[in-house]
Protein chains: 2
Amino acid sequence: MAKYVYLFSEGNSEMRELLGGKGANLSEMTNLGLPVPQGFTVTTEACMQYYKDNEQISDEIQAQILEYMGKLEGVTGKKFGDKENPLLVSVRSGARASMPGMMDTILNLGLNDEVAESLVSLTGNPRFVYDSYRRFIQMFSDVVMELPKEEFDVLLDGMKEQKGVTLDTDLTADDMKKLVESFKDLYREKMGSEFPADPKSQLIESVKAVFRSWNNPRAITYRRLNDIPGDWGTAVNVQAMVFGNMGDKSGTGVAFTRDPSTGENKLYGEYLMNAQGEDVVAGIRTPNPISHLEETQPEIYKQFHDIAEKLEKHYRDMQDMEFTIENGKLYMLQTRNGKRTAQAAIKIAVDMVAEGMITKEEAILKVDPKILDSLLHPQFDPDLLKKAVPAAKGLPASPGAACGQIYFTADAAAKAAQEGQKTMLVRMETSPEDIEGMNAAEGILTARGGMTSHAAVVARGMGKCCVAGCDGINFFDGYITINGTRVNEGEFISLDGSTGNVYIGVIDTVGATVSGDFATFMSWADELRVLQVRTNADTPRDAKQALELGAEGIGLTRTEHMFFEADRIMAVREMILAKDADQRKRALNKILPMQRSDFEGIFRAMRGYPVTIRLLDPPLHEFLPKEKEEIEHLAKEMGVSFDELNASVEALHELNPMLGHRGCRLAVSYPEIAEMQTRAIIEAAINVNSEPGDPVIPEIMVPLVGEKKELAFVKNTITTTADAIIAESGTELKYMVGTMIEIPRAALNADEIAEEAEFFSFGTNDLTQMTFGFSRDDAGKFLEDYYSTRIYEFDPFARFDIEGTGKLVSTAVKLGRAARPNIKLGVCGEHGGDPSSVEFFHKVGLNYVSCSPFRVPIARLAAAQAAVKGKGDEVGQR
Amino acid sequence: MAKYVYLFSEGNSEMRELLGGKGANLSEMTNLGLPVPQGFTVTTEACMQYYKDNEQISDEIQAQILEYMGKLEGVTGKKFGDKENPLLVSVRSGARASMPGMMDTILNLGLNDEVAESLVSLTGNPRFVYDSYRRFIQMFSDVVMELPKEEFDVLLDGMKEQKGVTLDTDLTADDMKKLVESFKDLYREKMGSEFPADPKSQLIESVKAVFRSWNNPRAITYRRLNDIPGDWGTAVNVQAMVFGNMGDKSGTGVAFTRDPSTGENKLYGEYLMNAQGEDVVAGIRTPNPISHLEETQPEIYKQFHDIAEKLEKHYRDMQDMEFTIENGKLYMLQTRNGKRTAQAAIKIAVDMVAEGMITKEEAILKVDPKILDSLLHPQFDPDLLKKAVPAAKGLPASPGAACGQIYFTADAAAKAAQEGQKTMLVRMETSPEDIEGMNAAEGILTARGGMTSHAAVVARGMGKCCVAGCDGINFFDGYITINGTRVNEGEFISLDGSTGNVYIGVIDTVGATVSGDFATFMSWADELRVLQVRTNADTPRDAKQALELGAEGIGLTRTEHMFFEADRIMAVREMILAKDADQRKRALNKILPMQRSDFEGIFRAMRGYPVTIRLLDPPLHEFLPKEKEEIEHLAKEMGVSFDELNASVEALHELNPMLGHRGCRLAVSYPEIAEMQTRAIIEAAINVNSEPGDPVIPEIMVPLVGEKKELAFVKNTITTTADAIIAESGTELKYMVGTMIEIPRAALNADEIAEEAEFFSFGTNDLTQMTFGFSRDDAGKFLEDYYSTRIYEFDPFARFDIEGTGKLVSTAVKLGRAARPNIKLGVCGEHGGDPSSVEFFHKVGLNYVSCSPFRVPIARLAAAQAAVKGKGDEVGQR
């Protein structure tokens, strides 16, 4: 028979998978001899069994719970539901990973009218008893029966008003008793039955409610955003109550061993006397700072301080603790590693190494790479932000904060920016044509699109704040409405790309303040990691930015964005609409000097580093106008008839552009495009190398290859062109030709392809699309349904799909290295900046990841963590 | 040192890979002691070496060629380029597989002015010598120098006119000599140099030209259409000349051991006296039937007849032979297995078994499955067809012949058909909305789209003639132009879906005549094959048709076509545009009885056979109107505003519908659709099973699955619905739930998916699209470039890509069977009817293939061939 319940005294901190974090730590504190009210933990396995049994707690598990309740009675000397010496308990969830606010707590469970009366006799404190009782009814109704606690608050507020008091501590025992009655009336009225008086059924229903809460929508979303698998389940902790609401010598509080905002090494927290846990956070009374305890109850403070120190040393991490004082006696209710700001995380990690408490390796593992993001972008002034009310909320697509005057077309935004305005581009969705306007704006707001929409991807690449897919936006002529409020073109809004909040008006920002600790910390990450970190950068500015953030080269330069700039789009369109290769070459000759100078700029920024440049990738129709007026305009400029131009535009139309004439397919159909781009790259490299400095090593990357012969064909165009230019120049230039692996067929035949490719760069965006058979742009329509049915727990475009797409990557790594042992392997999809994905790329043995500039520090840290975690593991040759 | 050249006496018929078919057979005939002018073969390896060496014949190979020319001189006693006893040779290509007309022949090589003069002295026949010389100049110029032979014909015709004769045999020696001079003048004028007089360089240039011709566009296309790999290369045969143009006792001809049109067992062929090979086919003089030879030269005829019999017995197949008579002596120049019509192929195979010449297994291997197609469809009356001139040519998308009055919308075509007209649907391209019109029409003609476009796929499914992607069609109001000729709506055109030809006006057709031999032959195929053959059928009519053609069940019933029928599309649109699940269910309730009766019809047609029904697959927007007027019309009908409806239509728009909200994703978002379809299937099966007859076994198939949990979710909807209906009915019903494997991720995780799926059906169309990363609809834009650059040799949508996509299929088969040993495995993509693909599916161990009804016999034969070829091979458990 499986064991589904453990006394606190039976567990320890190693058992968090089974007991959850809270349960394991209660056990550990028990083992350490700390004053912990005893109790037991119903395991995560019981939770998963509950789901297997169609959301029922089996008789077997129910029996074990009641058996352990009996054991707890033995430990405490009290009896659950007893009239003589009744035992009350709290019931709390506790998953393996902390999921704050996901699930609720029920206190004072075990109360009913009879138990209450006997408690009054026992304690002689009716106010405490009825205060506890009314709290229990409210919490149980809310958590177990989904009867909102606000309905009870109305009654409580009514009572306070009636009695002319503002604090609930000013209510009398009698008031509380009356409240209990009116709470029960409310319950009866709403639920159509009496409030359950049987403590055992109170208990079982509460356990069930905690299990159920594991799959509430809030929890599912939280897990998706925090990479927590859905099959972990939650444990339930049943703990004997101690009471902070027994009078003025009782109280309750929370504290951190160090300041969670700044990282300062000083006990930090707050508490309330004569209160239960939820009062501290509810804000009805203002809690006291923990330092106040030192003044008023120095002995209790000292005891708590010592315990805090002991726990931090024991766990070797900053602790977040809950405690209760019952009639002058201190109890510990919880300890866990504390959440902290990015700044605090860095400072604590660096300090703890200095204090000799932890090693550098441990320090590296203590900081969640994702939070580094917030260190690197400007933020709203926290004081101003507190007062601001968001007008709408979209997806936090690219972090940072920004204000600007709104414009609805890229042109208008760019023009206003040129005139010195701070602008904000607001669009239904963006497309590559908007690139100049996006670049000019302070931030980007779109009404449609997900975390990997065009706007989101490009904004992250630019390190620019972006809120995407913001539902409440509607477009009108010259203005928008934000959830009904009209905002005219040219008026200000403020965007928080880290939360997705949209504000009307201006909120001032403060710059990112990166302490010296950051540099120290990141230098440790660099020492420890094996993976190199490159950046995706299309401009010298991005490249410089990324270098400052620690990039070691460029893993992806897209050449298509350059094509959209106002001074060259005409030549690009001429090229696309050319009737034959000669006309196409003439147009390409106009583009050549511009591309060459683009590459020169990037090469100058990247002296001594490798730079991977991808040949033209998108389908050509992306460069053409779509609307009738635009086509008319272009026809006039090009001196052809509307019908002729329109026919050309229509001929290029594709039903599925993602699966169309793009990538190296363009270079097969129009070798002269690849020829021009090769010429621009090679000439630029020769020019820059003629200046003093470290040599540049261009890596020319062929996109969308699916077949060895396809790569061989394009490579032949590249090397023929490049070798002729190099020979003519009389200088030496080392360059490489490689390919993206972004099509399943390429991964399956990577051994053949490696015979032609000097490097592979996994394009995990496209590879994910093809492997799943859905496109980033269209998946938004159904992925929400997949999350809510728990078919997918993560967005595979944000977190790499190791179980499916990962098999293609492993296959390609194995085949590629077998065919060419020194092949260079990297990744340049969005996943290159996602920590859990980076861990996989480390394990599978890639040489580098490449990500947008602002994600470079994240990738560096994630790579270091992967290396520390995997130490001793066998990894492939690099 | 590699051996690149073989004397005929060194080879045999087993060496066709190295020597090509022609070379191997010349060797074999030499070994058989037949009168073959001796020579040597330059191998296919030399050809591939030529391409490796950048289209140069290496010194080593040149030296070997000249060395073997020396050996040939020894055999013949003549000398190449010699003035005393000169040796003349023919140079002909000869690939491993016969590629008729792909490459040309050069006769009389080795001639120059001096050699000609000495030959005159030797033979005393100046007319013969200068006739040979002028022929050589013309052929060499045409084949080697690409100087069109027509330009020489002008000179020849001029000479005939000048001399007042019609036959070239009436020209004198002197005339011929003058022609030689004027031919050389023409050469000099056009090429800017003298006609090459050096026999050795004539020889090497000719060999080079044959090698080069392996990759001319005609050859590349021929190979693609006939599944011949591009890396086989061609051999070159150099053979001592014998002369059919030496006078009236000389001649040349071709003959078959049996009639290639009917299969009749009788020598069949024709010949010309005083002629060289090309005269027989050129049509300048009318050749004599071979029977004439029996009368005029009975001894030669008898010798030839005996040789023919010997060769047929030796090769155990009908032979196609070339011969020459030189001064009364018979020489054999070639033998090969003869091309034949489908009807002849069947008759010959069956006769040869009856004659005891071959076994059934050998008979099965002798018929190309693809040609069966032409037996099963009506054809144009051959006599009328000879006189008809095609107005345009498109792709032969679905075989058969048809005439009808043209209409440009599906509605118009359907309406005219109802009124009794034979109609022809002419569209830019078709979409699922056109299905009724397609069904009503005799044939379908589209201006756009490839062999796997919607029109092509659906037409093949219907067994209806279709010409797709016909360039010369332009649409106007009320009429079209076909290559400039106006054809009004309601006027007749005729389509040949087997050739792609489009004719203006009516050509009468004749029905398919399938002899009793066909049934005999197919029964042997059924005995020998292991793979089962099912059909893809959406209607009872298709199902019945397929049963007649030998189908053993339905592998794919698409349910979406049923949705388009006029009487239900409104309910479908109501369902799609429903605001909530309730409204959706109401609309679905209207569809339910119609779907149920669809399935009842199919089940009745398929008593005793399994029927696989796929749940709704296409994205919902396919069912909505796209044009403004149509939306306005629908809005009126639905009683909603245009804006509201338009917004709904726009919200459903997808950038890449192929990668969008379709397949089982619909069943996840709207389980009520799957519920309704399951109900319709199960109720229909119960109803039909209550009638007397064999029980129907519905197999419910979930499309587009990529993840086990996704299938589990949809399966839960299906089984819950089905089991409740079955329980309520009080009857028993066996049904299965399975999935399509058409997404790479599903193939990679097939072991997990097999835990939920009772069968897999490989959807190789989509799987090919995702694996290659290009869509059928869009690939047309660049696949031609891929063929011409020889990156791809085949259309992967027509012939299954074993090297890439095949790896996913093998993986899925292995994983699927490991997880569920008795899993049923099939394929329902277009490839199920393609012979080389069927061979792969047999090898990989599938249980069945499913294809459109008219391809069922092809698949049966291909499956039998695969089984015969693979006998003794280990194949997976089925």
Give the member of [options] that has the highest number of heavy-atom pairs under 4.5 Å with chain B.
options: A:Lys708, A:Arg448, A:Glu710; answer: A:Glu710
options: A:Glu707, A:Glu784, A:Glu742, A:Glu752; answer: A:Glu707
options: A:Asp785, A:Asn656, A:Leu652; answer: A:Asn656
options: A:Gly663, A:Pro657, A:Gly780, A:Gly706; answer: A:Pro657
options: A:Leu808, A:Asp801, A:Thr811; answer: A:Asp801
options: A:Arg665, A:Met770, A:Arg662, A:Arg790; answer: A:Arg665

Where does [X] contact chain A at under 4.5 Å (heavy atoms): side chain, backbone, both or neither?
X: B:Ala712; result: neither
X: B:Glu803; result: both
X: B:Glu793; result: side chain
X: B:Asp766; result: neither
X: B:Lys807; result: side chain
X: B:Leu666; result: neither

Q) Going through the checks in order, is the side-chain contact (heavy atoms from CB on, under 4.5 Å) test met by B:Tyr670 and B:Leu620? A) CA-CA 11 Å; B:Tyr670 313 114; B:Leu620 297 181; 3.8 Å; yes
Q. So which of B:Pro619, B:Ala746, B:Ser669 has the largest heavy-atom pair count under 4.5 angstrom toward chain A?
A. B:Ser669
Q | Top of B:Ala779, B:Gly660, B:Ala747 for chain A proximity - count of heavy-atom pairs under 4.5 angstrom | A | B:Gly660
Q.
Taking the six-membered ring of A:Phe794 as reference, does the cationic atom of A:Arg799 (NZ for Lys, CZ for Arg) lie under 6.0 Å from its centre and within 45° of its axis?
A. yes
Q) Can you name the residues that form a ring-ring contact (aromatic ring centres under 6.0 Å, His included) with A:Tyr786, not counting sequence neighbours? A) A:Phe782, A:Tyr792
Q.
Once ring-ring contact (aromatic ring centres under 6.0 Å, His included) is applied, do any residues pair with A:Phe713, and if so which ones, sequence neighbours excluded?
A. none
Q.
What I want to find out is whether B:Asp751 reaches B:Lys814 closely enough, with some N-O distance under 4.0 Å, to be called a salt bridge.
A. no
(Q) Under the side-chain hydrogen bond (donor to acceptor under 3.5 Å, both in side chains) test against B:His621, which residue among B:Glu650, B:His661, B:His653, B:Glu654 passes? (A) B:Glu654
**Q.** side chain to side chain contact (heavy atoms under 4.5 Å, CB included) partner of B:Pro703, the single match among B:Ile743, B:Val714, B:Leu615, B:Leu616
**A.** B:Leu615
Q) Do the side-chain N and O atoms of A:Asp434 and A:Thr430 include a donor-acceptor pair separated by under 3.5 angstrom? A) no
**Q.** A:Asn215-A:Arg223 side chain donor-acceptor pair, cut-off 3.5 Å
**A.** yes
